[in-house]
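Throughout, protein chains are lettered first and strands after them, A, B, ... in sequence-line order, and every chain is numbered starting at 1.
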Amino acid sequence: MKRTSMVVTASAILAACDGNVPGTTETAPNVPATAEIEQAPTITSISEPEYSLWDPKTDPLSEYESVIEYNNYYEFTTDKSRVAELAKNFQTSPWSVEVSGMVQNPKTYDVDDLKTKFDQEERIYRLRCVEAWSMVIPWQGFPLAKILDEVVPTSDAKYVKFTTLLDEAQMPGVRYPYPWPYVEGLRIDEAMHDLTIMATGLYGKDLLPQNGSPLRLVVPWKYGFKSIKSIVKIELVDEMPTSLWMALAPNEYGFYANVNPDVSHPRWSQATERRIGEIGRRDTLLFNGYTEEVAYLYDGMDLRKWY
Amino acid sequence: MAIHFASILPLIILIKDWFTKDLGGDPINEITHRTADIAIIILLASLTCTPLFKVFGFRQAIKVRRALGRYAFFYALLHFLTFLILDYGFDIRLVLVTITTAPRLILGSLAFLILFALAITSNVKTMKFLGKNWKRLHRFVYAAGILLVIHYFLAVKSDFRLPTVSAVILIILLLLRVPIVRNKIVLLRKR
């Protein structure tokens, strides 16, 4: 397997459009609340992010234009090239995110507060779409674990369920009969993993609507559709959430959706991918190349069964 | 003349969009989809010619049939070359592995081979040479149409509107060739 060399990139950067300097004090490490969390890596007390695992020679950044012009966001349209246009007036301020369910301290955050409350780090990740194309994107954001540490999941909480805004007035695509709203989920240890971030920006700028403004999930070792956009609700639950894609086509899209070249989509191979901007194909890597970081989460699991 | 203009125009627009960078965030994907859409539209148009003449008595239609058939093949060729060169970087081993493992690519390749055979035999000389067999051979265009529509269904992720439209049009065009259907409509028209 090709080894990704570890490059410590420009650590905490300032949220591009905010005048405020993010606080330099870290929130005190919380005591893990559940057994699941104990298995997860220590994510607290990192003041300088140790990521990203990124080699500019093998994974040059995708062009900004590609990142903002080629989007899957079915609430607007299924046409990837038209999302930007249809979403340009999407209202993302004010925006609040409810964190509730099986937690000790349910909270509703204002997105602008999240940007100052938690240090915004830069994470350069590969993004692999289930449609077999990929990009390399410099995100800004913070680990989801920071939110979860604040709300403190109860011991019954096993999964995290995310929900996208559903607004017919602003989203022309929701006329079409998909099982709206867009829902995604993670197992709690996946959610606590340090690679899992809530992104607020990319390329040093605030997120644009087509990229999931104002707040989206980024889980780099899973197919892109897991990285849910424009989140309004985060719930801690005890049962595996049914994502929109699972509801729509359970034989094609599973809960885990880990990038895996050996497990084909029923209608197309996942063995290779096209990096946007390149001619020809690249081999797809298990867990999108983040095997060393995340493989332990799936020890003993049949990845063919749990696709 | 109008037929040639209408058939070449999408290619001119495609080339223009390439140079003006209007092919979106993933130009290769856009070229793949556009050449496919144009190919299937022109193929369906070519299949409309015969019923237009035989069922509706529109004689002009039959004159453009061959040209349309050739243009359909031309765009299918561009689609295939885009797949082969731009998408797969001419990696023949990878192309073969991919084609033989994905049903949609098997269907697409079969349809392409049929269109290829029809395109190279679409001239008077070969028609004369093949005699009765020419017609038999060219009936395979129906198979190509069906294969391509299934190929289309298998290629999209979840939005089946356009494949459905093309399937409905193809079914109507095939039904119009069934003698009972055709004769019924001709009788109705003549009343």
Side-chain angles (χ1 to χ4, degrees), chain A residues 62-72 74 77-85 129-135 137 173 175-179 210-211 223-225 244-245 247-249 252-253 261-262 264-284, chain B residues 13-14 17-18 20-37 79 81-109 147 149-165:
Chain A
S62 298
E63 282 181 33
Y64 182 63
E65 285 69 30
S66 301
V67 178
I68 62 167
E69 287 174 7
Y70 196 66
N71 314 97
N72 270 319
Y74 279 22
T77 169
T78 55
D79 182 346
K80 287 188 274 293
S81 300
R82 287 184 62 229
V83 173
E85 169 67 19
C129 179
V130 74
E131 296 165 358
W133 54 265
S134 61
M135 294 189 188
I137 302 174
R175 282 180 288 144
Y176 296 103
Y178 288 91
Q210 61 267 36
N211 297 114
Y223 292 119
F225 67 85
L244 177 137
W245 284 106
L248 194 67
E252 298 190 353
Y253 307 100
D262 300 323
S264 287
H265 185 280
R267 289 181 287 137
W268 58 83
S269 162
Q270 296 291 22
T272 63
E273 66 200 53
R274 200 152 46 71
R275 185 64 55 83
I276 300 300
E278 291 180 359
I279 287 178
R281 296 235 154 196
R282 288 169 175 247
D283 286 336
T284 289
Chain B
I13 295 172
L14 186 66
D17 286 346
W18 170 272
T20 56
K21 293 196 182 296
D22 282 325
L23 290 172
D26 184 3
I28 297 174
N29 186 53
E30 178 68 17
I31 297 170
T32 305
H33 287 171
R34 265 208 228 175
T35 49
D37 290 349
H79 177 70
L81 291 177
T82 307
F83 163 78
L84 183 70
I85 298 169
L86 295 180
D87 194 347
Y88 279 78
F90 222 78
D91 185 337
I92 300 295
R93 184 198 60 85
L94 188 56
V95 165
L96 286 178
V97 169
T98 310
I99 285 182
T100 50
T101 50
R104 107 188 116 111
L105 296 178
I106 297 173
L107 299 181
S109 307
L147 291 171
V149 167
I150 302 172
H151 170 74
Y152 198 175
F153 268 100
L154 293 175
V156 298
K157 189 161 71 170
S158 64
D159 184 351
F160 296 105
R161 283 175 290 170
L162 285 174
T164 307
V165 169

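- Neither the backbone nor the side chain of Phe225(A) comes within contact range of chain B, judged by heavy atoms closer than 4.5 Å.
- Contact of Phe83(B) with chain A is not made at all, since no heavy-atom distance falls under 4.5 Å.
- For Leu248(A), the part sitting under 4.5 Å from any heavy atom of chain B is the side chain, from C-beta outward, and nothing else.
- The number of heavy atoms from other shown groups lying within 6.0 Å of OH (Tyr64(A)) is above 12.
- Residue contact with chain B, scored on non-hydrogen atoms closer than 4.5 Å, involves the side chain of Ser81(A) exclusively.
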Worked verdict on Ile28(B) versus Arg274(A) for side-chain contact (heavy atoms from CB on, under 4.5 Å): CA-CA 10 Å; Ile28(B) 297 174; Arg274(A) 200 152 46 71; 3.4 Å; yes
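- Comparing Asp91(B), Asn29(B), Leu23(B) by how many heavy-atom pairs each has under 4.5 Å with chain A, the most go to Asn29(B).
- Using a 4.5 Å cut-off between heavy atoms, Glu278(A) contacts chain B through its backbone alone, with no side-chain atom that close.
- Using a 4.5 Å cut-off between heavy atoms, Asp79(A) makes no contact with chain B at all.
- Taking all atoms of both residues into account, the shortest heavy-atom contact from Arg104(B) to Trp268(A) is NH2-CB, 3.5 Å.
- Contact record, Arg161(B) with Thr78(A): NH2-OG1, 3.8 Å, taken as the closest heavy-atom pair.
- Neither the backbone nor the side chain of Leu105(B) comes within contact range of chain A, judged by heavy atoms closer than 4.5 Å.
- Using a 4.5 Å cut-off on side-chain heavy atoms (C-beta onward), Arg281(A) and Leu94(B) make contact.
- Heavy atoms of Val130(A) lying under 4.5 Å from chain B belong exclusively to its side chain.
- For the residue pair Leu154(B) and Arg267(A), the shortest heavy atom distance occurs at O-NH1, 3.6 Å.
- Proximity to chain B (any heavy atom under 4.5 Å) is restricted, for Thr272(A), to the side chain, taken from C-beta onward.
- Both the backbone and the side chain of Asp159(B) come within less than 4.5 Å of a heavy atom in chain A.
- We find the CD-NZ distance between Glu69(A) and Lys21(B) to be 10.5 Å, quoted to the nearest 0.5 Å.
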